J.: 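Below is a structure I'd like to ask you about.
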There are 2 protein chains.
Amino acid sequence: MPVAMLDLAVLGLLREHPRHGYELRRALAELGYRRVSFGALYPALRRLERRGWIEASPETGRRRTYGLTAAGAEAFVELLSQVDPEESDRAFQTRLAFLGRLEPSRRIAVLEARRRALAERLRRVRDTLRRARSVDRYRRASMERNVRTAEADIAWLDQLIAAERAGAGT
Amino acid sequence: MPVAMLDLAVLGLLREHPRHGYELRRALAELGYRRVSFGALYPALRRLERRGWIEASPETGRRRTYGLTAAGAEAFVELLSQVDPEESDRAFQTRLAFLGRLEPSRRIAVLEARRRALAERLRRVRDTLRRARSVDRYRRASMERNVRTAEADIAWLDQLIAAERAGAGT
DNA sequence: TAAAGCATGTAAGAGGTTACATGATTGG
DNA sequence: CCAATCATGTAACCTCTTACATGCTTTA
C-alpha cells in the first residue's frame, strides 16, 4: 500500500483551511511540487471525496471549495505516520512538510523509521560499491554520490531527531 | 516526451550483450533499481520489440533472449542524450550509468545540461527559502536540505565535467 | 480588445502495481 | 520430497500525462 503522496499533501493542506482546486495547485507548488496537472488534481479531489475524506461546501461562483472531514483528519494522521522504507526522497519530503501536525511522539517515530530506511540503503550501497571492482567510472561516481548523500541525510535526520527530543517549540 | 527510464536501462543493458527478462531483472537491480516487477518488465520488452528496438533470438528452452537492433542502438543514443530539465535524481542516475557509451562530446553536453537544471533548481529553492519567513521548522529543514543537496550535486558534477575535459580514460 | 490568468473539467493512452497462473529445475 | 529459485506471462486496477474544451475576469 504505497501512499499516494499527492493525496497526503492535499489532505494536509485542507487540514489548514478549506481550499478549491486551483488554490491547492498554488499551495502544492509552494510545497515543492512542480506544477501538478489538472488531470491529476481534479480526479484526486473526486477520489478523496468518494472516500469521504474531504467534502465540498456549497459552491461559490465557479469554485468548488473543499474542506477536510473528521474521517479525513483521521486518515491524514494514519497516512502521515506510515513510513514506507522504500519511499523516495521526494515522498519523504512531503511527509516532512506536515510532520508538525503530528503529536511529538509520532514525529520521532517517523524520523526514526526514515533513519532506519536510510541506514539500510547506505549499507546496501556500500556493499555494492565494495563488490564492484571493475565498474565504469560513471557508475562508480554515481555509487559514491549515493553513499555521500545517504550519509549527509542520516546526519541531517540525527539533528532533527535531537532537536525533537530537546522538545523545541515551532 | 519524458523518457521511460526503464526502457533506457533495458536498451543500455542489451547493448552490452543479449539477455532474457529474468536476467535483465538481476542486472537492473545491480544498477540500483529496486526489484522491477515482472508486470512492468515483460510489457516493456514487448513494447521495445514492437518499436523494433530489440528482437528475440530463437528461444532457448523457456527463455526469450533479446538483443539490440540497429534501430535500438540509435534510439539508445538519442534517448540517453536528451536530458529533461525536470528529471529526477533517480532518472539522471540511470542516464549516468550508461554515459560511458556516448561519445565524449555528447557526454559533456549531458553533464552540462544536468548542471544547468540543478543550478536552476537551486535558484528556485533559495528563492523560496528567502521568501518563506514564518514557515514551520520541518518545512524549513526540508528546504535547507534541498539547498545543501543541490550545492553538493553541482560541485560533484563540476568534478565529473572537469575529469571529462581532462579526457580521462576509463 | 487581446492576452494572461482564473477555474473546472474530460478523454485517451502510457506505464506502473499487485495478484494470479503455470511449470521446470535445483538443493537441502 | 519440498522449498526456493528460475522463467514467463496475464488481468484488474490505479494514477499520471497530454491535449482538448469551456468560459469568466483582470490587466496592459
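Lettering follows sequence order; numbering is per chain, from 1. Everything quoted here is computed from the prediction, not taken from an experiment.
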J.: State which residue, out of Leu14(B), Leu68(B), Val10(B), fulfils the side-chain contact (heavy atoms from CB on, under 4.5 Å) condition with Leu48(B).
T.: Val10(B)
J.: Provide the closest heavy-atom pair for Ala71(A) versus Gly52(A) in the form atom of the first, atom of the second, distance.
T.: CB-O, 3.8 Å
J.: Given atom CZ of Arg19(A) and atom P of dT8(C), what is their separation to the nearest angstrom?
T.: 13 Å
J.: Please confirm whether the shortest side-chain N or O distance from Arg63(A) to OP1 or OP2 of dA7(C) is below 4.0 Å.
T.: yes
J.: Could Arg47(B) and Tyr42(B) be counted as a cation-pi pair, given that NZ or CZ must be under 6.0 Å from the ring centre and within 45° of the axis?
T.: no
J.: Please report, rounded to the nearest Å, how far the C1' atom of dC16(D) is from the CG atom of Asp7(A).
T.: 12 Å
J.: Of the listed nucleotides (dA7(D), dG15(C), dT25(D)), which one gets closest to any side-chain atom of Arg62(A)?
T.: dT25(D)
J.: Distance check needed: dG13(C) P versus Arg50(B) CZ, whole Å only.
T.: 13 Å
J.: Does Arg25(A) make a cation-pi contact with Phe38(A) (under 6.0 Å, within 45 degrees of the axis)?
T.: yes
J.: Give the intermediate values and the outcome of salt bridge (Lys or Arg N to Asp or Glu O under 4.0 Å) for residues Glu86(B) and Arg90(A).
T.: CA-CA 13 Å; Glu86(B) 302 297 339; Arg90(A) 192 72 210 72; over 6 Å; no
J.: Name every residue in residues 34-48 of chain A that has at least one heavy atom under 4.0 Å from any atom of DNA chain D, in order of residue number, or write none if there are no such residues.
T.: Ser37(A), Gly39(A), Ala40(A), Arg47(A)
J.: Do Ser142(A) and Gln93(B) get their side chains close enough for a donor-acceptor pair, meaning under 3.5 Å?
T.: yes
J.: Are Arg95(B) and Tyr138(A) packed together at the side-chain level, in the sense that at least one heavy-atom pair is separated by less than 4.5 angstrom?
T.: no
J.: Rounded off to whole Å, could you give me the NE2-to-P distance for the His20(B) and dA24(C) pair?
T.: 17 Å
J.: Take atom CD of Glu87(B) and atom P of dT17(D), then tell me their distance rounded to the nearest Å.
T.: 16 Å
J.: Please list, in numerical order, the residues of residues 21-31 of chain A that have a heavy atom closer than 4.0 Å to any atom of DNA chain D.
T.: none
J.: How many Å lie between CD on Glu49(B) and C1' on dT8(D), as a whole number?
T.: 13 Å
J.: What are the two closest heavy atoms between Leu13(A) and Ala27(A), and how far apart are they?
T.: CD1-CB, 3.7 Å
